Amino acid sequence: MLNILWPIFIIISFIFSVGTGKINQLNTAIFDSAKDAVQMTITFFGTICMWNGVMKILQETSIMSKMTKLVSPIMKFLFPTIKKEDKEYKEITINMIANILGLGNAATPLGLKAMKSMQEKNKNKEILTNNMAMFIVLNTASLQIIPTTVIAIRTSLNSVNPTNIIVPIWGATIAADIAGILITKILINKNKTRRKN
């Protein structure tokens with residue numbers, strides 16, 4: 001859909017600028033936007049590299065195993081059919097920790113691995129399992145203690161206080177997580193009841 005919308009916006013902008021005699025302003029806007037995009041990418045890339053490095057260090061230390069133990073009761077509640085010795089258990093746990101720390105870019109490959117591992121055990125490849133559905137919900141509405149991506153974007157746009165969105169993000173992500181988990185659990189239970197009947 002975006003592949004259709006963006007060209008339409010560009011064509012409309014070009015026609016409007018020619019029609020109103022503002023072609024010079026259009027040229028200026030194009031070059032300014034390109035410069036801003038490059039600067040934003042450099043700032044963003046630096047922040048991502050730093051936090052991905054932090055995540056890699058955490059994976060190699062005992063801190064990760066301690067954090068995994070903290071997440072263990074939550075894992076038992078969210079994914080009751082996944083055992084600790086299962087490959088996807090570790091992948092989901094690390095993915096959750098990465099998301100909580102705001103490392104979405106580090107969490108994405110781990111999330112894809114976890115989904116692949118769960119799909120391998122899925123008997124019906126055309127339908128998501130309950131664990132897969134819950135995992136998608138958690139990744140969509142993930143709790144973030146340190147929203148590094150948003151902070152990086154705000155920094156690149158010269159925000160006076162790029163970190164002042166942390167508390168609102170905590171509230172929004174906690175509310176989204178609670179709502180998502182409750183609805184998913186309700187639907188899973190309804191589905192189980194329907195199958196029994």
Side-chain angles (χ1 to χ4, degrees), residues 1-5 48 51-52 54-56 58-153 165-197:
M1 189 66 182
L2 286 174
N3 291 341
I4 297 165
L5 288 174
I48 289 168
W51 285 107
N52 282 351
V54 169
M55 194 65 194
K56 196 69 183 167
L58 287 174
Q59 283 178 306
E60 300 297 323
T61 63
S62 61
I63 296 169
M64 185 57 78
S65 61
K66 287 173 184 173
M67 289 178 87
T68 304
K69 283 177 185 174
L70 284 172
V71 177
S72 183
I74 299 165
M75 283 290 291
K76 196 177 283 186
F77 170 72
L78 296 174
F79 306 99
T81 58
I82 297 178
K83 297 171 184 173
K84 278 190 177 182
E85 56 271 16
D86 291 341
K87 185 172 71 167
E88 61 267 30
Y89 184 92
K90 186 181 179 185
E91 291 166 348
I92 291 170
T93 304
I94 297 171
N95 170 271
M96 283 173 64
I97 292 166
N99 273 323
I100 288 167
L101 295 173
L103 308 174
N105 294 286
T108 301
L110 293 164
L112 293 172
K113 278 184 186 178
M115 285 297 281
K116 189 179 176 183
S117 299
M118 286 188 278
Q119 181 68 347
E120 284 169 7
K121 293 181 180 179
N122 188 4
K123 290 174 185 175
N124 187 346
K125 305 293 182 189
E126 300 298 315
I127 299 171
L128 290 174
T129 64
N130 292 338
N131 290 329
M132 291 167 87
M134 181 61 78
F135 187 61
I136 289 168
V137 168
L138 285 175
N139 271 273
T140 306
S142 66
L143 170 66
Q144 291 193 3
I145 294 172
I146 311 162
T148 52
T149 305
V150 179
I151 291 169
I153 291 168
I165 40 82
I166 289 176
V167 174
I169 283 178
W170 288 350
T173 55
I174 288 167
D177 264 331
I178 291 168
I181 289 165
L182 284 175
I183 290 166
T184 307
K185 283 285 185 186
I186 290 165
L187 292 173
I188 287 169
N189 289 331
K190 274 189 179 179
N191 195 26
K192 282 179 183 175
T193 309
R194 196 180 299 156
R195 282 178 185 176
K196 283 177 184 177
N197 296 333

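Computed from a predicted model, the values in this text were never measured in an experiment. Numbering of residues begins at 1 and proceeds along the displayed sequence.
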Exercise. Taking atom CG of N130 and atom CD1 of I188, what is their separation to the nearest 0.5 Å?
Worked result: 4.0 Å

Seminar exercise, completed: T81 meets the side chain to side chain donor-acceptor pair (under 3.5 Å) criterion, sequence neighbours left out, with N131

Seminar exercise, completed: One should read off an interatomic distance between M115 CE and I92 CD1, to the nearest 0.5 angstrom, of 9.0 Å

Problem set entry | Results of side chain to side chain contact (heavy atoms under 4.5 Å, CB included) for K76 - residues two or more places apart only | none

Seminar exercise, completed: In this structure, CG of D86 is separated from CE of M118 (nearest 0.5 Å) by 11.0 Å

For this session: In plain terms, say whether E88 and K121 are close enough for a salt bridge, that is, a side-chain N and a carboxylate O under 4.0 Å apart.
Result: yes

For this session: Mind checking side chain to side chain donor-acceptor pair (under 3.5 Å) for N122 and listing every partner two or more places apart, or none if nothing turns up?
Result: Q119

For this session: List in chain and number order the residues that pass side chain to side chain contact (heavy atoms under 4.5 Å, CB included) with V150, two or more places apart in sequence or in another chain; answer none if no residue qualifies.
Result: P147, R154, I165, I169

Problem set entry | Where at least one partner belongs to residues 168-190, residue pairs that pass salt bridge (Lys or Arg N to Asp or Glu O under 4.0 Å), sequence neighbours excluded | none

Exercise. When rounded to the nearest 0.5 angstrom, what distance separates CD1 in I186 from CG in N189?
Worked result: 8.0 Å

For this session: Assess whether side-chain contact (heavy atoms from CB on, under 4.5 Å) is satisfied between F79 and Y89, documenting all intermediate values.
Result: CA-CA 9 Å; F79 306 99; Y89 184 92; over 6 Å; no

Problem set entry | Note, L138 side chain near I181 side chain (heavy atom, < 4.5 Å) | yes

For this session: Give a yes or no answer on whether the side chain of N95 reaches the backbone of E91 with a donor-acceptor pair at less than 3.5 Å.
Result: no

Problem set entry | Pairing residues for I74 by the side chain to side chain contact (heavy atoms under 4.5 Å, CB included) criterion, not counting sequence neighbours | L78, M96

For this session: State which residues pass side chain to side chain contact (heavy atoms under 4.5 Å, CB included) with K123; sequence neighbours excluded, sorted by chain then number.
Result: none

Problem set entry | Residues which pass side chain to side chain donor-acceptor pair (under 3.5 Å) with T173, listed by chain and number, not counting sequence neighbours | none

